[in-house]
Novice: 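Before we start, here is the structure in question, set down as C-alpha cells.
Quick caveat, the model's predicted, so the values are computed rather than measured. This chain uses plain numbering: 1 for the first residue, then up along the sequence.
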Amino acid sequence: MKKKTLKKISVAVLAAGLAGFLIWDNVYTFKGEGRHFFEGRYYSDFYTFNGKEVIEFQLETGEKLHLDAHIEKGKAKVSFTRKGEKNGEVISNIEDADTYFTADETGRYVVKINFKHAKGTVEIKCDDQVKDKTIYR
C-alpha cells in the first residue's frame, strides 16, 4: 500500500514540475531598456526577452529593411516573409547579424522576431529609399 501511494506522489510531483517548467519556459517576458517603434525603425534593448514581436512594413519592389542584432545569450530568430506567404528568409541562432532583407514584389511584409531567454539588442529599420516608413503592428 505504501509503495503505491509513494509512486502516485512521485508521479504527481514530476508532473507538476514538468508543467511548471513548460509554463515558465514559454511565458512572455520582457525586461530591459525598452521596445521602441519609431517611424521606419524598431529598436529593442533588453536583458531578458522571451516571446515574439511581429511587425509589418509596406514595401515596393527592391526596397530594403536593415537588420542589426547582437544577442549575448539565449536565442533569437528573425523571419521576413511577404504577407500571406509561408516561405521567406529566416535567420536562426543570431549572435551578431548585420544584413538586409529586400522586397522581391510590392506588398506588405511581415517581420517576426522570436526570442528565447535572450539578452541583447535588435534594430530593424527601413533603408533610406523606402517611401512608406510606417510600422504596422
Side-chain angles (χ1 to χ4, degrees):
M1 191 75 153
K2 288 184 179 184
K3 285 186 178 184
K4 285 185 178 182
T5 304
L6 186 58
K7 187 175 180 180
K8 287 179 183 180
I9 291 172
S10 297
V11 169
V13 168
L14 285 173
L18 179 61
F21 172 76
L22 291 174
I23 290 169
W24 170 82
D25 195 45
N26 293 309
V27 70
Y28 181 90
T29 306
F30 179 88
K31 294 178 184 174
E33 299 300 316
R35 297 165 38 240
H36 306 283
F37 297 89
F38 304 108
E39 182 181 20
R41 180 174 177 244
Y42 163 80
Y43 179 77
S44 184
D45 184 358
F46 47 91
Y47 51 88
T48 300
F49 201 165
N50 196 48
K52 72 178 178 180
E53 291 282 10
V54 179
I55 53 179
E56 297 182 14
F57 296 89
Q58 179 66 36
L59 300 175
E60 294 184 16
T61 303
E63 291 183 334
K64 297 178 182 182
L65 294 177
H66 180 243
L67 167 67
D68 185 16
H70 306 283
I71 305 300
E72 297 173 30
K73 73 174 191 175
K75 293 182 180 181
K77 176 175 88 172
V78 176
S79 66
F80 175 78
T81 56
R82 190 156 185 261
K83 190 167 186 171
E85 294 183 1
K86 293 185 179 187
N87 297 325
E89 297 180 49
V90 177
I91 301 174
S92 298
N93 297 322
I94 296 172
E95 289 180 3
D96 286 308
D98 184 8
T99 190
Y100 287 89
F101 297 112
T102 304
D104 54 356
E105 294 180 31
T106 297
R108 186 74 64 98
Y109 285 82
V110 179
V111 178
K112 292 182 184 174
I113 314 165
N114 295 299
F115 300 97
K116 195 72 160 179
H117 307 294
K119 174 184 180 183
T121 60
V122 172
E123 178 183 48
I124 297 175
K125 65 180 179 179
C126 297
D127 204 27
D128 291 337
Q129 90 273 10
V130 175
K131 294 176 186 165
D132 181 2
K133 295 188 188 292
T134 306
I135 293 178
Y136 302 90
R137 300 179 358 172

Novice: Check whether any side-chain heavy atom of I124 lies under 4.5 Å from a side-chain heavy atom of F57, and answer yes or no.
Specialist: yes
Novice: Test K125 against every option in E39, R41, K64 by the side chain to side chain contact (heavy atoms under 4.5 Å, CB included) rule and name the one that passes.
Specialist: R41
Novice: To the closest 0.5 Å, what do you measure between NZ (K119) and OG1 (T48)?
Specialist: 8.5 Å
Novice: Within a strict 4.5 Å, meaning less than it, do heavy atoms of the F101 and L59 side chains meet?
Specialist: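 A side-chain contact is absent here, since even the closest heavy-atom pair is not under 4.5 Å.
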Novice: Distance check, rounded to the nearest 0.5 Å: R35 atom CZ versus F30 atom CZ?
Specialist: 6.5 Å
Novice: Compare all side-chain heavy atoms of K73 with those of H117 and state whether any distance is below 4.5 angstrom.
Specialist: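 The answer is no, as the side chains (C-beta and beyond) never meet within the 4.5 Å cut-off.
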Novice: Is there side-chain contact between D127 and H66, with at least one heavy-atom pair below 4.5 Å?
Specialist: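 Counting from C-beta outward, D127 and H66 never come under 4.5 Å.
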Novice: Tell me if a side-chain donor or acceptor on E63 pairs with a main-chain N or O of K131 at a distance below 3.5 Å.
Specialist: yes
Novice: Should E56 and I135 count as side-chain neighbours, where that means a heavy-atom distance under 4.5 Å?
Specialist: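 Not in contact.
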Novice: Do any N or O atoms from the side chain of T106 and from the backbone of T61 form a donor-acceptor pair under 3.5 angstrom?
Specialist: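 Indeed, once roles are kept as given, a pair shorter than 3.5 Å links the two residues.
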Novice: State, to 0.1 Å, how close E60 and A103 come at their nearest heavy-atom pair, and which atoms those are.
Specialist: O-CB, 3.5 Å
Novice: If you count heavy atoms of other groups shown closer than 6.0 angstrom to CD of E95, is the number above 12?
Specialist: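 Not buried by this count: 12 neighbours or fewer within 6.0 Å.
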Novice: Within the 4.5 Å heavy-atom criterion, are T121 and S44 side-chain neighbours or not?
Specialist: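 SC-SC contact between T121 and S44 ruled out.
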Novice: Do Y43 and V122 make a side-chain contact, defined as non-hydrogen atoms from C-beta onward lying under 4.5 Å apart?
Specialist: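 Result no, sub-4.5 Å side-chain heavy-atom pair not found.
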Novice: Run the side-chain contact (heavy atoms from CB on, under 4.5 Å) test on N93 and K75 for me, step by step, so that the C-alpha distance in whole Å, both residues' side-chain angles and the decisive distance to 0.1 Å come before the verdict.
Specialist: CA-CA 5 Å; N93 297 322; K75 293 182 180 181; 3.9 Å; yes
Novice: Are any of the side-chain heavy atoms of V90 and T81 separated by less than 4.5 Å?
Specialist: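 Of all side-chain heavy-atom pairs linking T81 with V90, none is under 4.5 Å.
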Novice: Can you check side-chain contact (heavy atoms from CB on, under 4.5 Å) on L65 and C126, steps first, answer last?
Specialist: CA-CA 5 Å; L65 294 177; C126 297; 3.9 Å; yes
Novice: Scan side-chain atoms only and decide if Y109 and D104 contain a donor-acceptor pair under the 3.5 Å cut-off.
Specialist: yes
Novice: Which label fits F115 and F46: parallel for a plane angle under 30°, tilted from 30 to 60°, or perpendicular past 60°?
Specialist: perpendicular
Novice: For K112, look at atom NZ and say whether over 12 heavy atoms of other residues, nucleotides or ligands are found less than 6.0 Å away.
Specialist: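 At most 12 heavy atoms, drawn from other residues, nucleotides or ligands, come within 6.0 Å of this atom.
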Novice: Considering all heavy atoms of both residues, which atom of K116 and which atom of N50 are nearest to each other, and what is their separation?
Specialist: CA-OD1, 3.3 Å
Novice: Parallel, tilted or perpendicular: which one describes the rings of H36 and F38, with boundaries at 30° and 60°?
Specialist: parallel
Novice: Is there a path from I71 to I55 through hydrophobic residues (I, L, V, M, F, W, Y) whose side chains come within less than 4.5 Å of each other?
Specialist: yes
Novice: If you count heavy atoms of other groups shown closer than 6.0 angstrom to CG of N87, is the number above 12?
Specialist: no
Novice: Let me confirm one number: the CZ-CD1 distance from F49 to I113, rounded to the nearest 0.5 Å.
Specialist: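 Rounded to the nearest 0.5 Å, the CZ-CD1 separation comes to 7.5 Å.
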Novice: For the OH atom of Y100 and the CG atom of L67, what is their distance to the nearest 0.5 Å?
Specialist: 10.5 Å
